[in-house]
K.L.:
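Handing you a structure now.
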Protein chains: 2
Amino acid sequence: MTKPDDPACTDHTPLAARGGPVSLALARVARLHRTAAGRRLRGLGLYPGQEFVMMHLWDKGPVRQSELIKAVDLDPSTVTKMLQRLEQSGHVTRSPDPRDRRAVLVEATDASCGLLEDVAGVWAALEEQTLAGLSELDRAEFVRLLGLVEGNLCTEAEDCPD
Amino acid sequence: MTKPDDPACTDHTPLAARGGPVSLALARVARLHRTAAGRRLRGLGLYPGQEFVMMHLWDKGPVRQSELIKAVDLDPSTVTKMLQRLEQSGHVTRSPDPRDRRAVLVEATDASCGLLEDVAGVWAALEEQTLAGLSELDRAEFVRLLGLVEGNLCTEAEDCPD
DNA sequence: AAGATTACCTTGGCCGACCAATTAATGGGT
DNA sequence: ACCCATTAATTGGTCGGCCAAGGTAATCTT
């Protein structure tokens, strides 16, 4: 099917993805990164994705759910369900907002605050693993390029609130 | 809580993530990228993730499920369920392997082959959106850095088959 | 040849993430 | 006052992804 001497044979990129090698690499790295985060987070009783919610709550204190949704930029229904589970597992409390009976105030529990350092540790360790062997300059380049790409992926979606 | 003049105040990075700014940016970009891919793929009747399976099948023809699992590097159960849905939607056929009664042979249907070009188009468009405004040099740097990071995230998981 | 081990796949359960549709409360316009 | 658009959350459904177990079938061992 494939000739051993053809130079293209050493490239395992699928034909349909030849036009987007970077996207392919990005997708692979993304999944690896999330999986690695998940493995580390599991020891703390958190599921991947919950970290971002908790981080925001630790920083900002009690906050409207709508504010949280904007901050993490997720679908409202996603956040609702996540918060239900985080409440169940004791990481979060939810209470109705007296000033707006539609809204819900979310707050990290005192117990969960003990996790802040652990999560910070996990996050730092993940960073170290991710960037191992990269020079300071490479790291700076990487964040710069990620920033550009992020901008590109936000626009055109016709709603990227700043 | 935060002083308006503190230079750190313009940085919205959560405290717990200060030790991993790159990981944070990578996570954001990853989700945006996947969402963008999903939006484009939906027009073709594919869900994000299925593309990779189909790409491999289009390239390699009938293939053992175990081979497919290794190729896309996903959990076997994930692939099983994905294939059940892909079969249901007519993109794939599955048949028992006569040479090994445990195994299953998977093949892209003729109908699905019409999607190859569309997926390639989607993938190229996604690439263009992702990398818009980046110079040839920046793009090369980005793939290089992604490669390094991928290597870092593979190792330590103690199984990264080449 | 019988038993232990390994390989291949499936099932069930859980979670993150999306969309579509709904309920409930607020606020603006006339 | 009233109606109506907007905003806040929720529910139900579907998928991709993981883990833990389980059930066959092939293979290795003794």
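Throughout, a chain's letter reflects where its sequence line sits, starting with A, and its residues are numbered from 1.
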K.L.:
Please output the side-chain donor-acceptor pairs of residues 44-55 of chain A that fall under 3.5 Å, not counting sequence neighbours, one pair per line with the distance.
P.N.:
residue: A:Gln50; atom: OE1; partner: A:Tyr47; partner atom: N; Å: 3.0
residue: A:Glu51; atom: OE2; partner: A:Gly49; partner atom: N; Å: 2.7

K.L.:
In whole angstrom, give the distance that lies between atom CZ of A:Arg40 and atom C1' of D:dC18.
P.N.:
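Rounded to the whole Å, the gap is 18 Å.
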K.L.:
On the side chain of B:Ser77, is there an atom forming a donor-acceptor pair with the base of D:dC19 - under 3.5 Å, no angle test?
P.N.:
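Answer yes: a donor N or O sits under 3.5 Å from an acceptor.
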K.L.:
What nucleotide, of C:dC18, D:dC18, C:dC9, holds the atom closest to the side chain of B:Thr78?
P.N.:
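Closest nucleotide to the B:Thr78 side chain: D:dC18.
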K.L.:
Categorize B:Ile69 for me: base, sugar-phosphate, or nothing, with a 4.0 angstrom heavy-atom threshold over every strand shown.
P.N.:
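The answer is nothing, as B:Ile69 stays clear of every strand by at least 4.0 Å.
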K.L.:
Using atom names, set out every protein N or O paired with an N or O of nucleotides 23-29 of chain C below 3.5 Å, distance rounded to 0.1 Å.
P.N.:
residue: C:dT26; atom: OP1; partner: A:Arg101; partner atom: N; Å: 3.3

K.L.:
Between the main-chain N or O of B:Pro76 and the side-chain N or O of B:Thr80, is there a donor-acceptor pair closer than 3.5 Å?
P.N.:
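Yes; at least one donor-acceptor contact below 3.5 Å.
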K.L.:
Given D:dA9, C:dC8, C:dG16, which nucleotide is nearest the side-chain atoms of A:Gln65?
P.N.:
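Output: D:dA9.
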K.L.:
OP1 or OP2 of C:dA17 less than 4.0 angstrom from a side-chain nitrogen or oxygen of A:Arg34, does that happen here?
P.N.:
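For C:dA17, OP1/OP2 do have a side-chain N/O of A:Arg34 under 4.0 Å.
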K.L.:
NA contact type, A:Arg31, heavy-atom cut-off 4.0 Å: base, sugar-phosphate, or nothing?
P.N.:
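Sugar-phosphate only.
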K.L.:
Is the phosphate of C:dT10 approached by B:Arg94 (side-chain N or O, under 4.0 Å from OP1 or OP2)?
P.N.:
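Answer is yes, contact under 4.0 Å.
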K.L.:
I'd like to know if the side chain of B:Ser95 pairs up with that of B:Glu107 as donor and acceptor (distance under 3.5 Å, no hydrogens or angles considered).
P.N.:
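No - no donor-acceptor pair under 3.5 Å links their side chains.
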K.L.:
Considering only heavy atoms, which members of residues 81-88 of chain A lie under 4.0 Å from some atom of DNA chain C?
P.N.:
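Residues of residues 81-88 of chain A under 4.0 Å from DNA chain C: A:Lys81, A:Met82, A:Arg85.
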K.L.:
Please report the distance, rounded to the nearest Å, between CG in B:Leu32 and P in C:dA17.
P.N.:
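That distance rounds to 12 Å.
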K.L.:
Between D:dT10 atom P and A:Arg64 atom CZ, what is the distance in whole Å?
P.N.:
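Distance check: A:Arg64 CZ to D:dT10 P gives 13 Å.
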K.L.:
Between A:Asp138 and B:Arg144, does at least one N-O distance fall below 4.0 Å, as a salt bridge requires?
P.N.:
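The answer is yes: the pair qualifies as a salt bridge.
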K.L.:
I need the full list of salt bridge (Lys or Arg N to Asp or Glu O under 4.0 Å) pairs touching residues 80-94 of chain B, with sequence neighbours left out, sorted by first then second residue.
P.N.:
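The answer is B:Glu87-B:Arg94.
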K.L.:
Taking CG from B:Leu105 and P from C:dC9, how many angstroms apart are they, rounded to a whole number?
P.N.:
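B:Leu105 atom CG is separated from C:dC9 atom P by 9 Å.
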K.L.:
For B:Gly20, is there any backbone N or O sitting under 3.5 Å from a side-chain donor or acceptor partner on A:Trp123?
P.N.:
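Yes, A:Trp123 side chain to B:Gly20 backbone: donor-acceptor pair under 3.5 Å.
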K.L.:
Return yes if some donor-acceptor pair links the side-chain N/O of B:Glu127 with the main-chain N/O of A:Gly19 below 3.5 Å, else return no.
P.N.:
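A pair under 3.5 Å: no.
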K.L.:
What's the CZ-P distance between A:Arg28 and D:dG17, to the nearest Å?
P.N.:
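Distance, rounded to whole Å: 14 Å.
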K.L.:
Measure from CZ on A:Arg39 to C1' on D:dG17 and round the result to the nearest Å.
P.N.:
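That distance rounds to 13 Å.
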K.L.:
Which donor-acceptor pairs under 3.5 Å do side chains of residues 97-106 of chain B form with protein atoms, sequence neighbours excluded?
P.N.:
residue: B:Asp97; atom: OD1; partner: B:Arg99; partner atom: N; Å: 2.8
residue: B:Asp97; atom: OD2; partner: B:Arg64; partner atom: NH1; Å: 3.2
residue: B:Asp97; atom: OD2; partner: B:Arg64; partner atom: NH2; Å: 3.4
residue: B:Asp100; atom: OD1; partner: B:Arg102; partner atom: N; Å: 3.0
residue: B:Asp100; atom: OD1; partner: B:Arg102; partner atom: NE; Å: 3.1
residue: B:Asp100; atom: OD2; partner: B:Arg102; partner atom: NH2; Å: 3.0

K.L.:
Using only side-chain N and O atoms of A:Thr80, determine if any of them is under 4.0 Å from OP1 or OP2 of D:dA9.
P.N.:
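Looking at the OP1 and OP2 atoms of D:dA9, neither is under 4.0 Å from any side-chain N or O of A:Thr80.
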K.L.:
Going by atom type alone, with no hydrogens or angles, which donor-acceptor pairs under 3.5 Å involve a side-chain atom of residues 111-119 of chain B and a protein atom two or more places apart or on another chain?
P.N.:
residue: B:Ser112; atom: OG; partner: B:Trp58; partner atom: NE1; Å: 3.3
residue: B:Ser112; atom: OG; partner: B:His91; partner atom: O; Å: 3.4
residue: B:Ser112; atom: OG; partner: B:Thr109; partner atom: N; Å: 3.4
residue: B:Ser112; atom: OG; partner: B:Thr109; partner atom: O; Å: 2.7

K.L.:
Strictly below 4.0 Å: does B:Gln50 bring a side-chain N or O up to OP1 or OP2 of D:dG16?
P.N.:
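True: B:Gln50 side-chain N/O within range (under 4.0 Å) of D:dG16 OP1/OP2.
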K.L.:
Which nucleotide sits closest to the side chain of A:Pro76: D:dT10, D:dT14, C:dC18?
P.N.:
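In terms of side-chain proximity for A:Pro76, the closest of D:dT10, D:dT14, C:dC18 is D:dT10.
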K.L.:
State plainly whether the residues B:Arg28 and A:Asp73 are in salt-bridge range, i.e. N to O under 4.0 Å.
P.N.:
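Salt bridge absent between B:Arg28 and A:Asp73.
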K.L.:
Let me spell it out: for each of A:Val79 and A:Arg42, pick the nucleotide of DNA chain D with the closest heavy atom. Which residue's pick is nearer the 5' end?
P.N.:
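Nearer the 5' end of the strand: A:Val79.
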